[in-house]
J.: 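Let me begin by handing over the structure; questions about it come next.
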Amino acid sequence: MNINLAIAERARAGEALTVAEIDELGSSDILSLGMLADEVRRARVGESVTFTRVLEITGASGASGASGASGASGAEMRISKLPASLEDTEGLIAEGRMLAGPQLLTGFSLADIADRHWGKLVDILTRLKSAGLDAIVEAPVDRLHDAEDALKACEAADLPVRCLSLQSPINIDGRSSWLIHLRDLVMKFPKIDTVNPLSREQPVQMPTTGYEDVRAVALARLVLPSVKTIQVDWAQYGPKLAQVALTFGANDLDRVSTVDDESLGKRRTSVEDVKRNIAAAGFTPVERAAS
Amino acid sequence: MDLTAFENRIAHGGRLTAADALQLYRHAPTYWLGRMADEVRRRKHPENLVTYIIDRNVNYTNVCVARCNFCAFYREVGHSDGYVLGFEEIFRKIEETRELGGVQLLLQGGHNPDLPIAWYEDLFRAVKQQFPDFKLHALSPPEVIHLSRMSKLSVPEVIDRLIAAGLDSIPGGGAEILVDRVRKLLNCYHKATADEWLDVMRHAHRKGLRTTATMMYGTVETDEERLEHMLRLRDLQDETGGFTAFITWSFQPAHTELGAAHNIIEASGIEYLRTLAIARLVLDNFDNLQASWVTQGGKVGQLSLAFGANDMGSVMIEENVVRAAGAAYCMDEVEIVRNVEDAGFVAKRRNMHYDILGDPFFRAHEVKRTHALSTARDAGDNSVPAELVNYQARSAAGKKQRARPISPVS
């Protein structure tokens, strides 16, 4: 094994690693790092992998923009795109609320909302909550001017943030600092128990590599001991990488399609596919409740 | 399971039996398989290089009488989408390939009853005349058998004639799973039995040709049959030493008869990495294992380098068969090299014999980035090569077509 055993032991114990320690851990060979993250993940959160079925509401034509509604029972309703005005956003949330009924209705990136400058952030979030939104999908910490302030606004508006994420790929030099920033944030906002360490953007000219992705997942697991859920976006990263990431410390798959087309057989439905991939990786699939 | 005993045996170059391999394939932890495969790779390639080849994957025809039920690429004789590439089209592809630093064509195609052996010989000679240094890695064993049957020549005679025309090496396609029970279910037993496939390779190796070997898993075979496939390759390699590399990939089920009939979904990424790793351990007499990024994508393709692979395969430039079955990944040379280096290796260009040709081509030449692989032809191009009139067709459709005035290749 090519890994610093003393640092590995500190990671196992959930101690706060320094930038230098994270850098050294990150330079371990990929299999040693993966084995350590897998061990830590099993010790902390067991052998189950949760997944969330999401019915995307595109916003293009209000709630009718939802697709796959027939298989949406038990799924989270999610509004992906932020409309141009606050009023349109409230209208779309209201439509989504009617469609969702008692199911969870989530939407938007906190950075998108902050970037619109529609007013004081806490007031905007309060209006979105009043319109029927249950939670903000994610807070991409690298895009937020002041992530702590933005998360405080969410707390004040009583509008939870489902996960902390990264918008852009983080280069190796900045990786450890970002992880420590994430660690500080989850210490300050302990209700946030989910981190998605894989970037939302994938530059066409230079997408992240498989090594970068699984290394990011493993380091997130090792550096963020108070975070229960390390999440990978099933729809964005695809079944192959997402499945491999489960063996590098991830324990949750987001955005599983609600479109269960059984005309091609039950094994070809999205839910069956995700369950099969989780089981084939050696874990137990558990669907997250969306109510 | 006593993994320590296996670790010791693998560390000392001990050979795995079928029973050992099955036990490990089914029960060893994925990381253990990866570590062992990585250890063997390091032993065989201590110089920390990962190689790749710049070549072009050209399918000269999609017309095929084999009717393998796992193939989404072929068209029956007389089908309006059926095509045969013209010599000039192939020359253009070679020129494009050379501009990107390419050194060979991987030339494979359907079993077209209207292309006699003379067509292949003329093509090979014409290529060699125009591009003397350019290599032809061409005609998988089932194609050689098809030519043998059509020409009523023995397999060694066919190989001799192809070598005389310019054949440099034989790709390991058409192996699927080298177990006849599986081949019958895949409807590919008649194109080549397991013994026939291996015999073509045996003859080729005896004549001094180097070849590769492949395995397509994830259809109807059992774990035991995957391992039997590997063991049969290992036996032949013990006998001839003629294989340069092993390449495995998962069946791509989209748009295939088999995928629909058996409701097959593609094997997972972890299954690929485990299969690759066990292949590295079982095929102890193979020097090189390629990563199949074209079926697994660039990310898992790169992770293959931690699970026993020491080669990123081909830049490909063009791909038609896997694309027809739903996978359309692309990695140009820049991307392959970036992935190799990101994984901690030194990237080197190679030829089919795994001789190192040099550093990445794009670092010394201006090369345009590509983000999608080319196809054999543009959509809607149904032109018929003029030279086909020089070759006798066997099928009724082929005879009829060649009796008509030819619409020349644009």
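Below, chain A is the first sequence line, B the second, and so on; all start at residue 1. When reading the values below, keep in mind they use all heavy atoms of this one structure, side chains included, and skip hydrogens, waters and symmetry mates.
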J.: Just by distance, no angles: are the side chains of B:Thr4 and B:Glu7 close enough, under 3.5 Å, to form a donor-acceptor pair?
T.: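 B:Thr4 vs B:Glu7: no donor-acceptor pair found between side chains.
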
J.: Using heavy atoms and a sub-4.5 Å threshold, report which of residues 199-208 of chain A line up against chain B, by residue number.
T.: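 Checking residues 199-208 of chain A against chain B gives A:Gln202, A:Val204, A:Gln205, A:Met206, A:Pro207, A:Thr208.
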
J.: Between the side chains of A:Asn196 and A:Glu138, does any donor sit under 3.5 Å from an acceptor?
T.: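 No.
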
J.: Could you go step by step and tell me if A:Asp252 and A:Thr50 meet the side chain to side chain donor-acceptor pair (under 3.5 Å) rule?
T.: CA-CA 5 Å; A:Asp252 183 74; A:Thr50 48; 2.5 Å; yes

J.: Can a donor-acceptor pair be found between the side chains of A:Ser80 and A:Glu56 at a distance below 3.5 Å?
T.: yes

J.: For the atom pair CZ (B:Arg35) and CG (B:Leu33), what is the distance rounded to the nearest 0.5 Å?
T.: 11.0 Å

J.: Determine whether A:Ser28 and A:Asn2 satisfy the following criterion, side chain to side chain donor-acceptor pair (under 3.5 Å), listing intermediate values before the conclusion.
T.: CA-CA 6 Å; A:Ser28 309; A:Asn2 166 24; 5.7 Å; no

J.: Which members of residues 266-279 of chain B, sorted by number, sit under 4.5 angstrom from chain A on a heavy-atom basis?
T.: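 Within residues 266-279 of chain B, the residues under 4.5 Å from chain A are B:Glu266, B:Ala267, B:Ser268, B:Gly269, B:Ile270, B:Leu273.
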
J.: Measuring heavy-atom distances to chain A, does B:Glu335 have an atom under 4.5 Å in its side chain, in its backbone, in both, or in neither?
T.: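 Side chain only.
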
J.: Please identify, among A:Val214, A:Leu246, A:Thr247, A:Asn277, the residue contributing the most non-hydrogen atom pairs under 4.5 Å to chain B.
T.: A:Thr247

J.: Using a distance-only test with no angle check, is there a side-chain donor-acceptor pair under 3.5 angstrom linking B:Asn339 and A:Thr209?
T.: no

J.: Where on B:Thr370 is there a heavy atom nearer than 4.5 Å to chain A: the side chain, the backbone, both, or neither?
T.: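 Neither part.
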
J.: Considering all heavy atoms of both residues, which atom of A:Ile278 and which atom of A:Thr284 are nearest to each other, and what is their separation?
T.: CG2-C, 3.9 Å

J.: Under the salt bridge (Lys or Arg N to Asp or Glu O under 4.0 Å) test against B:Arg9, which residue among B:Asp20, B:Asp284, B:Asp2 passes?
T.: B:Asp20

J.: Does any donor atom in the side chain of B:Tyr329 or B:Glu319 lie under 3.5 Å from an acceptor atom in the other side chain?
T.: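 Short answer, no.
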
J.: Only pairs of heavy atoms separated by less than 4.5 Å count here; which of B:Arg369, B:Arg338, B:His371 has the most with chain A?
T.: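 Going by pairs under 4.5 Å, I would pick B:Arg338.
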
J.: My understanding is that only one of A:Arg288, A:Arg53, A:Arg162 makes a salt bridge (Lys or Arg N to Asp or Glu O under 4.0 Å) with A:Glu76; could you say which?
T.: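 Going through the options one by one, the only one that passes is A:Arg162.
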
J.: Regarding A:Ser165 and A:Gln167, is there a side-chain donor-to-acceptor distance under 3.5 Å anywhere?
T.: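 No, no side-chain donor-acceptor pair sits under 3.5 Å.
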
J.: Tell me, out of B:Gly34, B:Ala343, B:Gly344, B:Pro29, who's got the most heavy-atom pairs with chain A below 4.5 Å.
T.: B:Ala343

